[in-house]
Number of protein chains: 4
Amino acid sequence: MQSPACARPPRRSAGKQAAILAAAAELAGRHGYAAVSIEAVAAKAGVAKQTIYRWWPTKPALFVDVYTGLIDRAALTGAGPDAGTRLTGLLRELFRLYRTTPAARVLAGLIGAAAADPAARAAVRSGLVLGRADIVAVAVAPAGRGLGDPDPDTVTGVAVALVWQQAILDPDGFTDARAGTIAAQALAAGACPTDPGSP
Amino acid sequence: MQSPACARPPRRSAGKQAAILAAAAELAGRHGYAAVSIEAVAAKAGVAKQTIYRWWPTKPALFVDVYTGLIDRAALTGAGPDAGTRLTGLLRELFRLYRTTPAARVLAGLIGAAAADPAARAAVRSGLVLGRADIVAVAVAPAGRGLGDPDPDTVTGVAVALVWQQAILDPDGFTDARAGTIAAQALAAGACPTDPGSP
Amino acid sequence: MQSPACARPPRRSAGKQAAILAAAAELAGRHGYAAVSIEAVAAKAGVAKQTIYRWWPTKPALFVDVYTGLIDRAALTGAGPDAGTRLTGLLRELFRLYRTTPAARVLAGLIGAAAADPAARAAVRSGLVLGRADIVAVAVAPAGRGLGDPDPDTVTGVAVALVWQQAILDPDGFTDARAGTIAAQALAAGACPTDPGSP
Amino acid sequence: MQSPACARPPRRSAGKQAAILAAAAELAGRHGYAAVSIEAVAAKAGVAKQTIYRWWPTKPALFVDVYTGLIDRAALTGAGPDAGTRLTGLLRELFRLYRTTPAARVLAGLIGAAAADPAARAAVRSGLVLGRADIVAVAVAPAGRGLGDPDPDTVTGVAVALVWQQAILDPDGFTDARAGTIAAQALAAGACPTDPGSP
DNA sequence: TCGTAATCGAGACGGTACGTCCCGTCTTTTC
DNA sequence: GAAAAGACGGGACGTACCGTCTCGATTACGA
C-alpha cells in the first residue's frame, strides 16, 4: 500500500514509517489536515523531515497512506441478505471509522488537495477506499445482476459523491442515519435506468 | 454579498471591484484557483493588495464572489414540461457556463478550500449557486408535489454532490451527456422514498 | 511657531490645531513617537487625517510643533550669578519638562526621524529649542565674553549632544544630577581653547 | 555576535553571512539605512529573506553587525605620546572609515532606530564600537591616571555624544578637523572635575 | 572483523504567499 | 467651500511552509 519507490526493501524502515503515519494521523485528528505541516509530523514522529520525503513525494501522498492505513485495517464487510442492507451496513462500518479515527478529516483534506493539485488528484483517485469501486460493488451486486438490479457503478458513484460532500461540509456528521440515507439514495439512483423515461 | 447594509454605503469603487473580480476570474481560468495569489490578482487588476483585503477577508471569500458573478448573470431557467427535462436543461446551461467560463475551476478550488478551512466552508456553504437549493428545487417541483414526485431536497443534494465530485475529479468533463446522467440519477434518488422498503 | 504654509489664515482652524497637537502629545507620551500613527492622532483629535496633512507636511513636522509647544510655553530662564549656575538651572528646568511632559520621548523620536529622513533633519535642526543656540548662549554668556569665559557655541554644542544622547539611550534619565553633570562637562569643554596645548 | 556556543556549531554558511553583510553595507551606503529593506538586502545577496531572519531577529540587529564588521576590521590604534594626540588620532582613523565606508550612514540609521525601538536601543548600546568605552578609554588613559588626567568615562561619553550628533546631523562632515575639535572638547570636558568648583 | 555505503537526524536554504501596518494622496459626501 | 470620512497605491514588515540540499553520525551489511 505504501509507495516506497525503493526497488530493494529499505534498510532501516522498521518502525519509522509506522511512527510517521501514526504521527500524521494524530495531528490530522487534532488540528485538521491543512493545519498539519510536514515538519510537525516529523517532529512528532521523532524523525527528520527528509525521512518523510524519502518515502512520500508530497504531503497528499503521505496522507493517502494515512487514510488507507486507517481504513484498510478494518474489514468492511457489509453482510446482509439484500443490496440495501449490505450497503447500509458497509457505510455504517465506514462511518464508525470516520467517527473513531481521524479518517474523515484526512479524507476531507485529501479532497481539498485533489481539487488544488493534479498530482494529488491522481493519488486520491486511485488511493481512497471509496474511490475504488470494488468494495461498494461487492456489497451491491455479489449475486450477479438481475434485470431490476441497480447498476453497481452508479451506486458507487453516487455513494462516493455523497460521502465526499459530507466530508467536506460536515466531517462530524457521519451518523448511522446518514449512512442509511446515503445508501437508499445511491441505490435508488442506481436502480433507475440511465436513459430517462422508464418507470 | 459584500455590501454591509451600513447607513452610509461604503464608498467602494465599483470599477475597482469589477476589475478585481475580472482579474481573479481570468487568472483562475488560466492557472487554476490554487495557483492564483492575491498579489497576482492585485497586480493584474491594477490595484493595491490592501484594496482587496479591505473588501474580502480571505481568498475564498473573494472567489465566492467571483463564482457567483460568473454564474448569477446567466439566467438558469431550466424550462420544460417535466422535472427531468427541466433539471437536465438547467444542468446543461450550468455546464455550458462551466465550459465557457472559469467557473468550474473556481468551484473546484472553493470546494478544496472549504475542505481545508472552516471559514471557507461557511462561505462556500452559503455562497454557491447550487448550494442554494432554490434553483434546483424550482426546476424540480414548480407545480407542487404529487404523490410520486421526487423530493426536491434529495434531488438537489444528490445533484450538487455529483457536480462537486465532477468539479474536483475532472473539471473539464462538464458535458451535456454528463448533465443528463446527473439529472437522471438525482431524480431517481429523489423519487425513492428515503425510508427503504418500498419498490 | 506652527507652519501652516497657508498664506491667508485658515478659515476654521480654531481649536483643531490645538486638539491635534494635544492628541499627538498625549499619544506620544503614552506609546512613544514611533508607535503613534497619524491616523491615531486624527482619531483622538476628532479630526480627519487630511486635516493634519493640510497643515503639516509630514509626521516629523507635526511633532516638531508638538515639541516646541511643550517646551516653549515654559520660560526657560536659567537665572544665576555665573554661567555654571545659569546653565545648570536652565537644564534643570528643561529636564523637569522632560519628566513631566512627553517632550523627551518626542525629542528622541524626532532625532530618530532626523537620522532617517533629510526633511526631518532640516526640521529638527531648526525647530528644536536646544537646537537653537540662543537659549543656551544667553545662559552662558549674557555679560559679554571675558578672556577665560567659555565659548558659547562650544558649550551649546556639547550640551545639546549630551542631551540628545540621553534622550536616545535613556529618555527617563533626565534627573537634576544629570543636568549638573551635563552643564559642568559642557562648560569645561567650552572653557578650553579649541586649539589644544594651552592650560 | 551571532554565534551561540552550541555544542554543535550552527551550520550557517559563512559565505551567505558575508554576502548578506556586504549587500546590506553596500545598499546602506548607496541609499541610506532607512531606505534599505530586508527584502532588498536578500535580493542583492542572492539569498532568501528568511535566511536573514533566521540569523538576525530585526533590521537593527543586522546592521549592528554590519557596522561592527566595517569598523572592527580596522585597528583603531590611536598611538601617540599624550592623550590628546592619541584621541585625535583615534578619531581621525575612525572618521576615515566613516568617509570611506558606509559606516557613518549605518551608524546614523542605528541611532535613529534606537530612538524608536527599545530592542534596537539595546543592540546599539552594546554593539557599537564607540558605545564600548574601552577603545576610547585605552587611548585616553593607558598609563594610569595622574591627578590632573582626564576622566576616561567622561571623555568617552562626550566624544561619543558628539560623534553621534555629527552622524545624525551631518554624516558627511567627518573631517580631520572635526576629529581634532571633538577630541579637544571631550578631553577638556573630562579634565574638569565633575563636581563644579575647581578651576 | 572491518570497511563501505546506506540511512537517518538536524536543520539551512531558495522560494512563494500570506495577512498586517502605515504613509501620504485622492475622492466623495456632508454640513 | 472646508471638513469628515475613508478609499486608495505603494511598499515593507515578519511569519509560515514547501520541498531540496548538505552535513556528520550511525549502523548494518558484504567482503
Side-chain angles (χ1 to χ4, degrees), chain A residues 6 8 10-14 16 34-43 45-59 61 117, chain B residues 6 8-17 34-43 45-59, chain C residues 6 10-14 16 34-43 45-54 56-61 117, chain D residues 6 8-13 15-17 34-43 45-59:
Chain A
C6 309
R8 278 190 298 170
R11 280 253 192 106
R12 186 115 48 94
S13 60
K16 304 278 166 171
V36 177
S37 70
I38 294 283
E39 299 226 39
V41 174
V47 141
K49 187 161 55 153
Q50 187 57 37
T51 302
I52 298 179
Y53 279 108
R54 203 180 333 270
W55 290 326
W56 294 276
T58 62
K59 181 175 159 182
D117 171 17
Chain B
C6 305
R8 204 176 311 178
R11 260 89 51 78
R12 71 194 298 178
S13 153
K16 309 271 173 190
Q17 182 181 0
V36 177
S37 71
I38 294 283
E39 296 220 50
V41 174
V47 142
K49 183 163 55 154
Q50 188 58 36
T51 300
I52 298 180
Y53 279 110
R54 200 182 336 272
W55 300 115
W56 294 278
T58 62
K59 183 175 158 182
Chain C
C6 309
R11 278 252 194 108
R12 187 116 49 99
S13 59
K16 303 279 166 172
V36 177
S37 69
I38 293 285
E39 298 225 39
V41 173
V47 142
K49 186 160 56 153
Q50 188 56 38
T51 302
I52 297 180
Y53 279 108
R54 201 181 332 273
W56 294 277
T58 62
K59 181 175 159 182
D117 171 17
Chain D
C6 304
R8 204 176 311 178
R11 260 88 53 78
R12 72 193 301 179
S13 154
K16 309 272 174 190
Q17 182 182 0
V36 177
S37 71
I38 294 282
E39 297 221 47
V41 174
V47 141
K49 182 164 55 156
Q50 188 58 36
T51 299
I52 298 181
Y53 279 110
R54 202 186 331 276
W55 301 114
W56 292 278
T58 62
K59 182 175 158 183

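- For the OP1/OP2 pair of F/dG9 and a distance below 4.0 Å, the side-chain nitrogens and oxygens of B/Thr51 include at least one atom meeting the criterion.
- We find that CD1 of A/Ile52 is positioned 12 Å from C1' of E/dG9, with the value rounded to whole Å.
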B/S/- contact track for nucleotides 17-23 of chain E, protein heavy atom under 4.0 Å: SSBBBSS
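- In terms of the side-chain contact (heavy atoms from CB on, under 4.5 Å) criterion, C/Ala43 has no residue partners (sequence neighbours excluded).
- In this structure, C/Arg54 atom CZ and E/dC26 atom P are separated by 13 Å, rounded to whole Å.
- When the C1' atom of E/dG11 is taken as reference, atom NZ of D/Lys16 falls 15 Å away, rounded to whole Å.
- Along DNA chain E, the nucleotide nearest to D/Ala45 and the one nearest to C/Pro60 differ in position, and the one closer to the 5' end is contacted by D/Ala45.
- At the phosphate of E/dT7, neither OP1 nor OP2 sits under 4.0 Å from any side-chain N or O atom of A/Trp55.
- Checked against salt bridge (Lys or Arg N to Asp or Glu O under 4.0 Å), B/Lys16 has no partners two or more places apart in sequence or in another chain.
- For the atom pair B/Thr51 OG1 and B/Lys49 NZ, the distance stands at 11.5 Å (nearest 0.5 Å).
- With rounding to the nearest 0.5 Å, the separation of CD1 in D/Ile38 from OG1 in D/Thr58 is 8.0 Å.
- Here the closest heavy-atom approach between residue A/Ala48 and residue A/Ala42 is recorded as C-CB, 4.0 Å.
- Between F/dA4, E/dG14, E/dA10, one nucleotide has an atom nearer to the side chain of C/Val47 than all others, and that is F/dA4.
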